[in-house]
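The first residue of the sequence shown is numbered 1, and numbering continues consecutively from there.
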Amino acid sequence: MTGFSSPRPRLVALVPAAGRGERFGAATPKQLVRIAGRPSLTWTLERVRACGVDRLVVALPAEPAAREGLELPDDPRLVTTAGGATRQESVAACLAAAPGEPSDLVLVHDGARPAVAVADVHATVEAAVETGAAVLGRPLGDTLKRVRTGRILETVERAGLFRAETPQVFRRELFERALAAARRDGFAGTDEASLVERLGGVEIRAVVARWPNPKLTEPGDLELLAALLASDAGS
């Protein structure tokens, strides 16, 4: 039972989890930090696996110490690869480790978002089936300020602004072209959609998340994530 309302192409999930998480400020790599008794990355992979993926590729740090105690699921769909120096390189390494057809859907999800709602993932995949590209996120509700050296300069109009999260889902041939163009031009995007946007003429659907989907960035995020995982919201 995948939760999809209609037949869909083969779904390949890529999970970049090779970063060292300097902002988190712990000696333990962020993917190994335990939440409710399990490594954070283990929770992330469980959520992605529950979405009916056909293949799951995880980019991990090359250092053995960063993998000790990882508790990867025993699943024939799952393979690991060494990540690169940047997120973009890690995603490219994941894609190279999962050969497929141009019509496949490629789902990229942050390894540090362990509480993503399965229902929101399904909605994002459904949107990508229709348009070839979709991003999960939410409209901005807070007042935005432009700041320089700690001083507020002005209020930024928030109408039409959308905070991108993951998963981000793309038709494979489209995403491969976007990665190749970025590599050719030396472009480093802040997310996968920023690479696809550069191609022009692509409709990227903005899918509004119905459930919280915080990223593990600072120690203060642990309590919220533990509560969300305990509630199993949106599964």
Side-chain angles (χ1 to χ4, degrees), residues 8-19 21 30-31 41 44-45 47-48 51 53-60 79-114 116-117 120-138 161-209 213-217:
R8 55 148 178 87
R10 183 171 177 265
L11 182 61
V12 178
L14 316 180
V15 179
K30 194 163 57 172
Q31 61 269 23
L41 181 58
T44 301
L45 298 180
R47 289 295 172 102
V48 175
C51 298
V53 299
D54 298 288
R55 194 69 162 169
L56 173 56
V57 187
V58 187
L60 297 172
V79 297
T80 64
T81 189
T86 66
R87 174 195 173 91
Q88 197 163 304
E89 291 176 2
S90 292
V91 169
C94 285
L95 190 62
E101 299 298 323
S103 59
D104 290 348
L105 290 178
V106 174
L107 179 156
V108 184
H109 184 61
D110 291 327
R113 291 189 189 271
V116 66
D120 282 340
V121 178
H122 286 161
T124 310
V125 172
E126 293 274 11
V129 169
E130 296 178 7
T131 67
V135 172
L136 182 69
R138 59 198 77 228
L161 295 182
F162 184 78
R163 188 179 73 209
E165 299 175 0
T166 65
Q168 302 189 4
V169 185
F170 310 96
R171 193 169 56 248
R172 185 183 185 111
E173 63 85 15
L174 181 67
F175 192 47
E176 287 180 335
R177 282 197 289 122
L179 278 171
R183 187 165 46 246
R184 179 195 66 213
D185 301 337
F187 175 79
T190 54
D191 71 349
E192 288 65 49
S194 64
L195 309 184
V196 176
E197 290 159 18
R198 299 178 68 247
L199 296 177
V202 179
E203 179 187 348
I204 304 176
R205 185 73 57 82
V207 179
V208 177
N213 183 25
K215 190 173 184 179
L216 178 57
T217 303

Kindly indicate whether the side chain of [X], heavy atoms from C-beta on, has any atom under 4.5 Å from the side chain of [Y].
X: R47; Y: R113; result: no
X: V15; Y: L56; result: yes
X: L41; Y: L60; result: yes
X: E176; Y: V106; result: no

So, taking the atom named [atom1] in [X] and the one named [atom2] in [Y], what distance separates them when rounded to the nearest 0.5 Å?
X: D104; Y: D54; atom1: CG; atom2: CG; result: 8.0 Å
X: E126; Y: E130; atom1: CD; atom2: CD; result: 7.5 Å
X: L14; Y: D110; atom1: CG; atom2: CG; result: 12.0 Å
X: L199; Y: F170; atom1: CG; atom2: CZ; result: 10.0 Å
X: L105; Y: F175; atom1: CG; atom2: CZ; result: 12.5 Å
X: E89; Y: L179; atom1: CD; atom2: CG; result: 11.0 Å

Legend entry - Ion pair check, E165 and K215, cut-off under 4.0 Å: no
Legend entry - From CA spacing to verdict: side chain to side chain contact (heavy atoms under 4.5 Å, CB included), V121, L136: CA-CA 8 Å; V121 178; L136 182 69; 5.8 Å; no
Taking all non-hydrogen atoms of both residues into account, name the closest pair between [X] and [Y] and its distance.
X: V58; Y: C94; result: C-SG, 4.0 Å
X: G132; Y: L174; result: O-CD2, 3.6 Å
X: A182; Y: Q88; result: CB-NE2, 3.7 Å
X: T166; Y: R87; result: CG2-NH2, 3.9 Å
X: V57; Y: A97; result: CG1-CB, 3.9 Å
X: E101; Y: R172; result: O-CD, 3.3 Å

Inset, instruction - Without swapping roles, check the side chain of T124 against the backbone of A134 for a donor-acceptor pair under 3.5 Å. - result: no
Inset, instruction - State which residues pass side chain to side chain donor-acceptor pair (under 3.5 Å) with D191; sequence neighbours excluded, sorted by chain then number. - result: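 Scan of D191 (side chain to side chain donor-acceptor pair (under 3.5 Å), adjacent residues dropped) gives Q168, S194.
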Inset, instruction - Quick one: list whatever passes side chain to side chain donor-acceptor pair (under 3.5 Å) with E173, sequence neighbours left out. - result: R171, R177
